[in-house]
Amino acid sequence: MTSRVLVLGATGFIGKRVLGALGASGWASPVAASRRRANLAGADQTERVQLDATDAGQLRRAMEGVTAVVNCVLGNSRTIIEGARALFSVAGGMPRPPRIVHFSSMAVYGDAACEVDESAAPVGRLSAYGAAKFETERLAAANPSIVTLRPGIVYGPGGAQWSGRIAQLLYAHRLGDLGRGGDGYCNLVYIDDVAEAVLRALQSPEAEGKAFNLSLPDPPTWNEYLSRYAAALGAVPVSRIAHRRLRLESTLLAPPQKIAEIIAGKFSPPLARRLPQAIPPSLVRLFQQEIKLKVGLAEQVLGLRWTGLDQGLTETAAWYRPKDSNSAAMNSFAPH
Amino acid sequence: MIIDSYELPDGDALQADVCIIGAGAAGIAMALEFAGTGIEVLLLEAGGRGEESDTQALYAGSVAEARLHSPPDRYRQRRFGGTTTIWGGRCMPFDAIDFESRDYVPHSGWPLAREALLPYYARANRLCEAGEFSYTADEAFHRPTRPIIEGFASAHFTADTLERFSCPTDFAARYGHKLEAAANVRTVLHANVTGVRLNAAGRSVDHLTVRNLRGKSFTVRAAHYVLATGGLEAARLLLASRDVQQQGIGNQHDLVGRYYMCHLAGTIGAIKIERPASSVWHGYEISDEGIYCRRRFALREATQRSFKLGNFVARLHHPRISDPSHRNGVLSLLFLAQLFIPYEYRMRLAGAGSTRLTEWLQHLRNVALGSTDAAGFAWHLLRDRKLAERKFPTIIIHSKANLYSLDFHAEQQPNPLSRVSLSAETDALGMPRIHIDWRYTRGDVDTVSRSVALLADDFRQQRIGTFDYDPAGVESEMTRYGAFGGHHIGTARMGREPRSSVVNADCRIHEVGNLFIASSATFPTSSQANPTLTLIAFALRLSAHLKSLLQRPLPQPAVRSDALCEQT
């Protein structure tokens, strides 16, 4: 008999891969949940349910008969917090609370510029996204059956934000060797490793109530990542991007680009996808942030092993390369 | 963190585990290695964040023959970042043969082989932002690259080795933020070391005396001291610190300041290649990492041995700029623009003597007739050099008529009579100024003249074209601009024996237990290669050695420590 596992946000980059991994596990039968019915259409036999994850009533119905829930819901701060609040409260009210694997983010560490383990407190002022994830972790603290995952930069085939967008910017030579602007660490974690972490978090008794960083143990700098990814993509020679140019782009160009993208998105999504990507100031700051996630706990408790960067980049580049650099569905860039 | 000595109280006493003197290529490279470790480091920098004329004037000195050597305050910068703030960025490692004791090169031989440096060369290359440590065309490129001259296969020269170019990276601008963030590394600006004080027995450094130009002084005590200055200043400081050892530190065998080498460089001859212009490529290839790389003709090791010559490389070069008979608008434009070019790079644009009015007019005529090419070149300079952070390294002019000259860069032999000594004059801080007596030998002339002859022979035998030059004029060509500026080598040479060397293979002064040198001063021979990459590799190797001496449990070295992160 297999366990029914409800995957919230099942149509996103991580959700889809988690769904696939659960389906292939042999011990789980996943139930895909998403807000939009259209996104749920699929040819396979996966059970699907349309729901608004912030609605406790809908959640309660969907969670009947499931033994576990994976929360990969994307959205704005309100959706993130309200979704988590609803989920945790419904689960807490169930006679046999399900195991919950909840996605948080390295954004909860704020501006930390050092090695951080899971006990590290945030540094500086959190971004809106980081603050929302931090709040969900605060809500989770009351519930011991929740396992929290804090991935770094999730990359891999299908990853719009850290693979598609970056590829597009590398091809356009708007990113490359960033000099002093790219000395931060890029805490990469391959999408398959994230899915594997979910499977193990669902099964491991010692994981209960714990949070786990997910990242390559010795992450490259952003400069190294961008150069190696560019090489894998064939987007060479890598361009040197002057720091002043990057700052200028992010402060002067990014706001009108973002506005144009939002307006175009309302009237013509295909047009919005063809617009050049913005490089927001938050990204420029991230490129410089010398934070390294310690991942010893995930290795010890979850027994995780990491996909090497070469392999990960080769597979990511193979996914991206055949496509027109402007056409990939890369417009949904909510961070994981 | 970075502090300024102007803010320290007069008479202060600073302490650290390691004190590094000089925040240039070597000093900053070393400090970065210590950042985030448990080792307390003081990095003393004589200058400030920019060039300051009163500080730079501390470098002034005299030269025995002005024709042969630039003034001592040129080609080196007394400021945060050191001479990386003006360097050209050419990177290449020393060759294996450079480390050998060669019976035909007097005083040659290092106490270690090239292999000892290999682990550090790769990191040095990254610090210089010169990409991967791969210095042959086959290794560096996964696609065919253009040969210098199609079909030219020389028995005496290889064209497979590369030089790679740094941005050129100004180490202060590039890595200053890391030093700023490193809690265990204190960089002190305006900290001029005026004396290295030994203990009474003369076996170890007791403290340093440090002064600034506003009259303050302080002392520094550390477990280990590293002189990470340039080759001239290292000798000056050792010779000037004579309170315990009267002949200067490490100088009991009168070696400090001797064996002073630069490189032998110049441009010679008129080459006419009898091939289609498309079969000649003397410019750059850009590697996948975005690095400018260039082939050159390098004298093979077997040829060096059999002909008993020093190391030598050469590149095809445009005809001499100052001579307007080249009729090239771009070259004439460069000649006319020389007033706007920094001194260190202007030297080779100017002619040997004064320019006649007719020559000025001929240059103007060349520019007028070649105005389209000149405008295109000016745009290239603006876009790819002036505005670019990774700068197009040198001037490359492709000749439609296949007319070139030969630009060479050769090893200078160690010679005890070529030396840096202290003069009777003192600077504003009371330090003796230096006096430079740079000399070359017959062997040096021989290396250049016979190498050039071998290349000319190879051209002739393979019917590449003509190479006209005056064999009797080689010496005057190789000294036309004097010693190659900025490469100050050999003044505190490395070796096994205290009788014939100043430092050992660990770069430590033989007689002094805790004084090290990270500088091209320690190179016993000069190679054909520019010294920066190798001196950084040695600095990194020395950092590893000092870490092992301090034998402390070290946290992960790559991460900066940050007080903010301890709020857990």
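We name chains A, B, ... by the order of the sequence lines, and we start the count at 1 in each one.
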Please check if the number of heavy atoms outside B:Glu132 that lie under 6.0 Å from its CD is greater than 12. no
Answer yes or no: does atom CZ of A:Phe134 have more than 12 heavy-atom neighbours from other residues, nucleotides or ligands under 6.0 Å? no
Please answer whether the main-chain N or O of A:Gly179 pairs with a side-chain N or O of B:Arg174 as donor and acceptor at a distance below 3.5 Å. yes
So B:Lys178 and A:Glu290, do their side chains get closer than 4.5 Å, heavy atoms only? yes
With heavy-atom distances below 4.5 Å as the criterion, would you say the side chains of B:Glu389 and A:Asp177 are in contact? no
Per-residue contact mode, B:Glu289 against chain A (heavy atom under 4.5 angstrom): backbone
Measuring heavy-atom distances to chain B, does A:Ile291 have an atom under 4.5 Å in its side chain, in its backbone, in both, or in neither? neither
With a 4.5 angstrom heavy-atom cut-off, is it the side chain or the backbone of A:Arg180 that approaches chain B, or both, or neither? both
Suppose a student defines contact as a heavy atom less than 4.5 Å from any heavy atom of chain B. Which residues in residues 223-236 of chain A would they list? A:Asn223, A:Val236
Among residues at least two apart in sequence or on other chains, which ones pass ring pair (Phe, Tyr, Trp, His ring centres under 6.0 Å) with A:Phe212? none
Does the pair B:Glu129 and A:Arg240 meet the rule for a side chain to side chain contact (heavy atoms under 4.5 Å, CB included), with working shown? CA-CA 10 Å; B:Glu129 300 188 289; A:Arg240 172 73 170 214; 2.7 Å; yes
Tell me the closest heavy-atom pair linking B:Ser287 and A:Pro237, and the distance in Å. O-CB, 3.3 Å
OG1-CZ distance between A:Thr221 and B:Arg126, expressed to the nearest 0.5 angstrom: 9.5 Å
